[in-house]
Amino acid sequence: MKKIKKILIANRGEIAIRVMRTCRELDLESVAIYSEADRTSLHVRYAHEAYCVGKAPSSESYLNIDKIIEVAKQSGADAIHPGYGFLSENADFARRCGEEGIVFIGPSPEVIVQMGDKIQAREAMTAAGIPVVPGTDGEIKSEDEALEVIKSIGLPVMIKASAGGGGKGMRLVKNESEVVSAVRAARSEAKSAFGDDAVYIEKYITSPHHIEFQILADQHGNTVHLFERECSVQRRHQKMIEETPSPLMTPELRDEMGKAAVEAAKAVNYVGAGTIEFLVDNDLNYYFLEMNTRLQVEHPITERVTGIDLVKQQIYAAEGRELEFGQDDLRQRGHAIECRIYAEDPDNNFMPSAGKVYKISTPLGLGVRTDGYVYEGYEIPIYYDPMISKLIVWGKTRDEAIARMRRALYEYKITGVKTSIKMLERVMNNENFIAGNYDTHFIEKNQEQLLSNGMKDNPEDMVIIAAFIDYLDKLGSNAAVTKEFVPAQSRWRKIPYVNHF
Ligand code: MV4
């Protein structure tokens, strides 16, 4: 077992801070990297040390493998945590870390390659006896072969890029006449996006649920699952809300899918934290979809109901420690929901809303967690993901968690940039969401109520926000980061001291 002492976090924003928080708790030093656009970012201030790795575009900074390795060596970091996105599922980076004697906090490069290739992933899961969506065994070699496969599985089908994932290089085919053009389109999209034009075919599952299982594995053959996350509330493959437990789940199905997830991870000798994604249809049939070989954005809801710090477990697994708990030690306690706060304007086709955060007031109180990184006066760079914060609540029951999320969203005030908060409030008040009656088409099916701009919103909102800003100004809070907004003089000193008691 090799004890890790210093971790370089090859990421930015909320997830970089999230990882550093655990580093502090474990008494490990953290090294931040940042791009020229991120000099004033909070993750830079939170770390013990910070190094600029290049210009604003990710390709020149957060994806610059040579530079990141150089900084790791220069700073004496013995491990790298990649977060999510950027280099987190880049097998070359994981391999390079190994070659340079730096621990990559994640699975082996071999597993990253295998799960990154969706055809290989399907094959591995089929071999392990995990249900996959009916479809082709391997790559579709010709358009004739595609037509043949479709004859046997029936329409509609999905043409998917083997190198794809997250919705890229995917085509839905409803009529036989569309097959040839769909295969060609998927191929060329995959070729230009991934440099790999291999495609395969799956039967199209109508209105599925997206349910994923968190797994954890050590280097000694112990693997557990930490139950499911329901991720069906998403828009154009961008998740908005996740919750656990899933309203669709039964104890029997959970047990069965959990076991399948553990088997899936074992079949590929997985080490660390990973996620097995499933599609679940209305008859509760489940099918392996993809495996994510990284820490996910929505990991906090799992942490909240299980009490396990997933980043800590990732570090322990990378050090070679044995898991301290078995499957029977794990329970789902209560209900957790995450809302992703994006700096986007839902009333203007979700246009990114970059700019300066003027005022921000973050919810607190019982059962509330926020993982964010913006502060008053911070200018959100245009170069990166528009997600600025995650709001996670816990309740004894789903109803309590929803009520708490409504309360927390009410308390969340951000001015200067547009955010998805209003739309999230509408979801929390949507009767289908409240009933737990939703699937991956929830946003489309409930468009009218969810995207109403202005008309159905409380007309007093503007007044309330104005009053709230005034209130915050009076508090004169966060002077350190709001220099330009705080009056030069403190009002405090002008008030004579009166002892009321
Ligand atoms: C599917 C599907 C239906 N049938 N595959 C979308 C993202 C990519 N990871 C896989 N996706 C889908 N694959 C078959 N055979 C429906 C989707 C899908 C979806 C999946 C998960 C979450 C949201 C989604 C939204 C639309 C389509």
Side-chain angles (χ1 to χ4, degrees), residues 84-85 89 115-123 125-126 130-140 146 149-150 152-174 178-179 182-183 185-186 189-190 193-194 198-213 228-244 246-248 257 261 264 274-294 296-298 338 340 350 427 433 438-447 450:
Y84 53 71
E89 293 179 288
M115 294 298 112
D117 181 310
K118 308 305 165 195
I119 291 175
Q120 279 189 54
R122 260 176 78 83
E123 281 167 356
M125 294 307 139
T126 306
I130 313 297
V132 299
V133 186
T136 45
D137 287 335
E139 184 184 347
I140 283 285
V149 170
I150 288 166
S152 75
I153 62 174
L155 286 163
V157 297
M158 282 202 121
I159 318 284
K160 295 187 175 185
S162 186
K168 273 173 269 165
M170 230 171 59
R171 285 286 183 287
L172 171 60
V173 177
K174 290 181 173 161
E178 303 160 2
V179 173
V183 169
E189 195 176 313
F194 317 111
V199 296
Y200 63 106
I201 298 183
E202 278 182 3
K203 176 126 190 83
Y204 180 64
I205 311 294
T206 315
S207 291
H209 281 247
H210 175 149
I211 298 179
E212 58 189 29
F213 273 73
E228 80 278 12
R229 293 185 288 258
E230 168 68 71
C231 305
S232 297
V233 181
Q234 53 80 46
R235 195 194 139 266
R236 300 203 187 151
H237 307 301
Q238 192 188 54
K239 292 173 189 170
M240 284 181 59
I241 296 169
E242 302 94 349
E243 64 175 315
T244 184
S246 165
L248 187 73
M257 289 178 72
T275 299
I276 314 286
E277 293 186 357
F278 295 99
L279 290 180
V280 185
D281 70 18
N282 283 326
D283 301 323
L284 300 188
N285 298 305
Y286 63 91
Y287 308 96
F288 169 83
L289 189 61
E290 289 171 19
M291 178 172 195
N292 298 311
T293 56
R294 60 167 191 278
Q296 299 218 166
V297 174
E298 58 271 29
E338 171 179 275
R340 300 189 186 190
F350 297 87
V427 176
F433 181 82
Y438 68 86
D439 56 42
T440 48
H441 298 300
F442 171 75
I443 301 285
E444 301 137 68
K445 287 179 190 162
N446 295 271
Q447 280 225 8
L450 300 177

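Whatever order the structure lists them in is the order used to number ligands and atoms, beginning at 1. These figures come from a predicted structure and were not determined experimentally. Heads up: numbering here begins at 1 and tracks the sequence.
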Flag the pair E139 / S162 as yes when at least one side-chain heavy-atom distance between them is below 4.5 Å, and no otherwise. no
With the side chain counted from C-beta on, respond yes when R340 and V297 share a heavy-atom pair under 4.5 Å apart, and no when they do not.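 Result yes, sub-4.5 Å side-chain heavy-atom pair found.
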Regarding R229 and E338, does a basic nitrogen lie under 4.0 Å from an acidic carboxylate oxygen?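 No, this pair does not count.
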For E242, the option from Q296, E212, E298 that meets side-chain contact (heavy atoms from CB on, under 4.5 Å):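 Answer to the side-chain contact (heavy atoms from CB on, under 4.5 Å) test with E242 among Q296, E212, E298: E298.
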Write none if no such pair exists; otherwise list each N/O atom of ligand 1 with its protein N/O partner under 3.5 Å and the distance.
from	atom 1	to	atom 2	distance (Å)
ligand 1	4 (N)	I205	N	2.9
ligand 1	5 (N)	K160	NZ	2.8
ligand 1	9 (N)	E290	OE2	2.8
ligand 1	13 (N)	K160	NZ	3.0
ligand 1	15 (N)	E202	OE1	2.9
ligand 1	15 (N)	K203	O	2.7

Does NZ belonging to K445 count more than 12 external heavy atoms closer than 6.0 Å? yes
Would you please name every residue forming a ring pair (Phe, Tyr, Trp, His ring centres under 6.0 Å) with F288, sequence neighbours left out?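 Applying ring pair (Phe, Tyr, Trp, His ring centres under 6.0 Å) to F288 gives none.
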